[in-house]
Asks: 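Quick one: the structure is below, questions incoming.
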There are 2 protein chains.
Amino acid sequence: MINILLVDDHQIIIDGLRGLLEEDDSIGNLYEAQNGLQTIQIAKAETIDLVLLDINLPDKSGFDICQELKKDENCPKIIALTMHGNAGYINKMIKSGVDGYLLKNTGREELLKAIQVVMGGNRYFSREVTDLLVAGIHEPKKPKSSDFIQKLTRREKEILKLIIDELTTDEIAAQLFISPSTVITHRKSLLRKLNAKNVAGLVKKAFEFGLLNE
Amino acid sequence: MINILLVDDHQIIIDGLRGLLEEDDSIGNLYEAQNGLQTIQIAKAETIDLVLLDINLPDKSGFDICQELKKDENCPKIIALTMHGNAGYINKMIKSGVDGYLLKNTGREELLKAIQVVMGGNRYFSREVTDLLVAGIHEPKKPKSSDFIQKLTRREKEILKLIIDELTTDEIAAQLFISPSTVITHRKSLLRKLNAKNVAGLVKKAFEFGLLNE
DNA sequence: TATTAAATCCCCATAAATGGGGAGAAAACA
DNA sequence: TGTTTTCTCCCCATTTATGGGGATTTAATA
């Protein structure tokens with residue numbers, strides 16, 4: 001009997017997963033969490049075998065949760081469940097120690113199969129995911145889109161959010177009580193780290209990689 | 001017995017909804033569609049009482065689907081089901097004739113309740129949704145965020161997509177075989193229609209309103 | 001057919017962002 | 001403690017975007 005912790009900030013998805021899983025005989029207790037903090041707490045308090053983890057949570061990033069859970073020896077298996085099939089995402093999650101990665105367009109059959117595989121000690125990635133990974137590997141000349149995202153510093157994330165709020169460099173500088181020159185420097189770092197050519201790229205990556213939720 | 005058509009491009013959500021609804025006695029046949037075209041086809045071919053509609057579909061926007069379904073006399077009831085609780089979204093959907101609007105953090109109970117209310121001929125909006133609407137109504141001085149989105153023209157959407165692809169004005173002009181001046185004019189229209197101050201705003205709105213899927 | 005909407009292009013000017021370089025002080029880390 | 005990262009600030013110059021006008025042609029529509 002497998003005890004599973006369902007993590008998603010959308011209740012309907014939790015309920016849906018619950019409905020899918022309850023029918024199966026091999027599934028034991030089902031727990032649920034709507035945010036990162038709850039996830040960590042429940043994982044410590046209860047005996048959880050598997051975590052079905054949505055990456056985009058309001059308080060913590062899936063990456064952080066994954067790493068935090070994996071610190072423990074008897075840590076549960078983790079299958080990431082997300083909307084975006086983004087190579088950067090996937091790479092980052094694998095690096096964080098995830099055991100499986102499914103897109104939310106996965107059906108019931110594949111979900112159950114993935115759970116079995118992962119509980120058997122192996123890793124499971126859905127077809128689309130492996131395709132993306134292979135595509136990333138086969139393009140060593142252009143590692144941009146498939147490359148890991150360099151970690152942004154606190155200040156950089158702060159400025160990125162203000163950029164997304166449509167503030168100009170001067171306005172950001174005024175708000176943070178720093179010089180416009182400094183803001184410009186941070187903007188350059190953001191462009192470099194996120195492999196963006198301009199503000200459009202920054203905002204796009206921020207959405208794609210869920211940087212706003214970190 | 002209520003026949004329901006489930007529309008979402010994520011199979012797992014369809015399966016989840018199916019699991020939620022199958023248990024209930026009042027629910028009849030369940031159909032499913034992954035995109036706008038399928039939705040229209042099934043709605044015409046089968047006897048559908050209710051459509052649970054996700055707004056962000058790959059081919060058509062929820063707005064268009066809603067309007068198209070509502071053309072018919074015996075049209076089914078429609079409940080929009082979406083991730084984003086965005087006042088602009090909601091306004092647009094109500095304008096399109098939707099009968100209910102739920103966020104995906106809605107639980108099973110509320111979903112079944114909403115179905116009953118809507119099938120009874122009334123409209124149902126979840127708590128968060130009405131809060132957003134009220135907030136929008138109570139701020140007549142600042143109708144920006146809650147205002148309806150002005151419809152973008154084909155060309156404007158085309159240019160918006162290229163902006164999001166990080167192309168500059170000149171690059172866009174070259175790609176579309178038009179003058180940079182024209183691109184500038186379209187950019188101005190985009191900024192005005194989307195109430196954006198700069199490119200960051202354009203990209204953000206494009207994501208928030210799902211304009212990329214239209 | 002009259003009217004409206006869309007797409008095209010131009011003028012002007014200013015504001016804002018990008019690209020490349022360097023450099024010091026503070027904080028975090030090993 | 002020494003090392004690295006982060007945060008801070010500046011120089012230069014160029015590119016790009018924004019703001020406010022106006023105008024014509026074509027296409028759709030009432």
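When reading the values below, keep in mind they use all heavy atoms of this one structure, side chains included, and skip hydrogens, waters and symmetry mates. Numbers restart at 1 for each chain; the letters A, B, ... are given by sequence-line order, proteins then strands.
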Asks: If you compare all heavy atoms of B:Glu166 against all heavy atoms of B:Glu171, which two are closest, and at what distance to 0.1 Å?
Replies: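 B:Glu166 and B:Glu171 have their closest heavy atoms at O-OE1, 4.1 Å.
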Asks: I need the single residue from A:Asp8, A:Val7, A:Leu81, A:Leu5 that forms a side chain to side chain contact (heavy atoms under 4.5 Å, CB included) with A:Leu53. Which is it?
Replies: A:Val7
Asks: Would you confirm whether B:Glu68, through its side chain, and B:Ile65, through its main-chain N or O, come within 3.5 Å as a donor-acceptor pair?
Replies: no
Asks: Enter the distance from A:Ile48:CD1 to A:Leu50:CG here, rounded to the nearest 0.5 Å.
Replies: 9.0 Å
Asks: Tabulate protein N/O versus nucleotide N/O from nucleotides 24-28 of chain D, keeping only pairs under 3.5 Å, one per line.
Replies:
none

Asks: A:Arg192 has an atom CZ; how far is it from atom C1' of C:dA17, in whole Å?
Replies: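 Rounded to whole Å, this separation is 17 Å.
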Asks: Of B:Glu156 and B:Asn198, whose closest DNA chain C nucleotide lies nearer the 5' terminus?
Replies: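 Final value for this comparison: B:Glu156.
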Asks: To check you understand the geometry: which heavy-atom pair defines the closest contact between B:Glu32 and B:Ile42, and what is its length?
Replies: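 Of all heavy-atom pairs spanning B:Glu32 and B:Ile42, the closest is O-CD1, 3.3 Å.
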Asks: Whole angstrom is fine here: how far is it from CG in A:Leu167 over to C1' in C:dA17?
Replies: 15 Å
Asks: Could you check how far CG of A:Leu194 sits from P of C:dA17, rounded to whole Å?
Replies: 17 Å
Asks: Expressed as a whole number of angstroms, how long is the span from B:Glu171:CD to D:dA17:C1'?
Replies: 14 Å
Asks: Hey, does the side chain of B:Arg187 come within less than 4.0 Å of D:dA17's phosphate (OP1/OP2), counting only N and O?
Replies: yes
Asks: Quick one: closest heavy-atom pair of B:Arg155 and B:Leu176, and the distance?
Replies: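 The pair with the smallest heavy-atom distance is NH2-O, 3.7 Å.
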Asks: In whole Å, I'd like the distance from the CG atom of B:Leu202 to the P atom of D:dT16.
Replies: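 Rounded to the whole Å, the gap is 18 Å.
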Asks: Does a nitrogen or oxygen in the side chain of B:Thr169 sit under 4.0 Å from OP1 or OP2 of D:dT16?
Replies: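 No, because none of the side-chain N or O atoms of B:Thr169 sits under 4.0 Å from OP1 or OP2 of D:dT16.
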Asks: Closest heavy-atom contact between B:Tyr31 and B:Glu46?
Replies: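 It is OH-OE1, 3.4 Å.
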Asks: Using the rule side chain to side chain contact (heavy atoms under 4.5 Å, CB included), only one of B:Asp165, B:Leu162, B:Thr182 pairs with B:Ile172; which is it?
Replies: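 Single pass found, and it is B:Leu162.
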Asks: Within the structure, does a side-chain N or O atom of B:Ser179 lie under 4.0 Å from either OP1 or OP2 of C:dC10?
Replies: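 So the side chain of B:Ser179 is within the cut-off, an N or O lying under 4.0 Å from OP1 or OP2 of C:dC10.
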Asks: If only side-chain N and O atoms of A:His186 are considered, is one of them under 4.0 Å from the OP1 or OP2 phosphate oxygen of D:dT8?
Replies: yes
Asks: Taking OP1 and OP2 of D:dT8, is either one under 4.0 Å from a side-chain nitrogen or oxygen of A:Thr182?
Replies: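 Checking D:dT8 against A:Thr182, no side-chain N or O comes under 4.0 Å of OP1 or OP2.
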Asks: Take the protein atom CD of A:Glu166 and the nucleotide atom C1' of D:dA17, then report the distance between them rounded to whole Å.
Replies: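 Value for this atom pair: 14 Å.
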Asks: Please give, in whole Å, the distance from D:dT6 C1' to A:Leu190 CG?
Replies: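 Atom-to-atom, A:Leu190 to D:dT6, this comes out as 13 Å.
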Asks: Detail all sub-3.5 Å separations between protein N/O atoms and N/O atoms belonging to nucleotides 19-25 of chain C.
Replies:
from   : atom 1 : to       : atom 2 : distance (Å)
C:dG20 : N7     : A:Lys188 : NZ     : 3.1
C:dG20 : O6     : A:Lys188 : NZ     : 2.7

Asks: Report yes if at least one side-chain N or O of B:Arg155 is closer than 4.0 Å to OP1 or OP2 of C:dT8; otherwise report no.
Replies: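 B:Arg155 to C:dT8 OP1/OP2: side-chain N or O found under 4.0 Å.
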Asks: To the nearest Å, how far apart are B:Leu176 CG and C:dA6 P?
Replies: 18 Å
Asks: Does any N or O in the side chain of A:Thr39 come within less than 3.5 Å of the main-chain N or O of A:Asn35, such that one atom is a donor and the other an acceptor?
Replies: yes
Asks: Looking at every heavy atom in both A:Pro76 and A:Val51, which two are closest together, and how far apart are they?
Replies: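 Here A:Pro76 and A:Val51 meet closest at CG-CG2, 3.7 Å.
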Asks: C:dA7 phosphate, OP1 or OP2: any side-chain N/O from B:Thr153 under 4.0 angstrom?
Replies: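 Yes.
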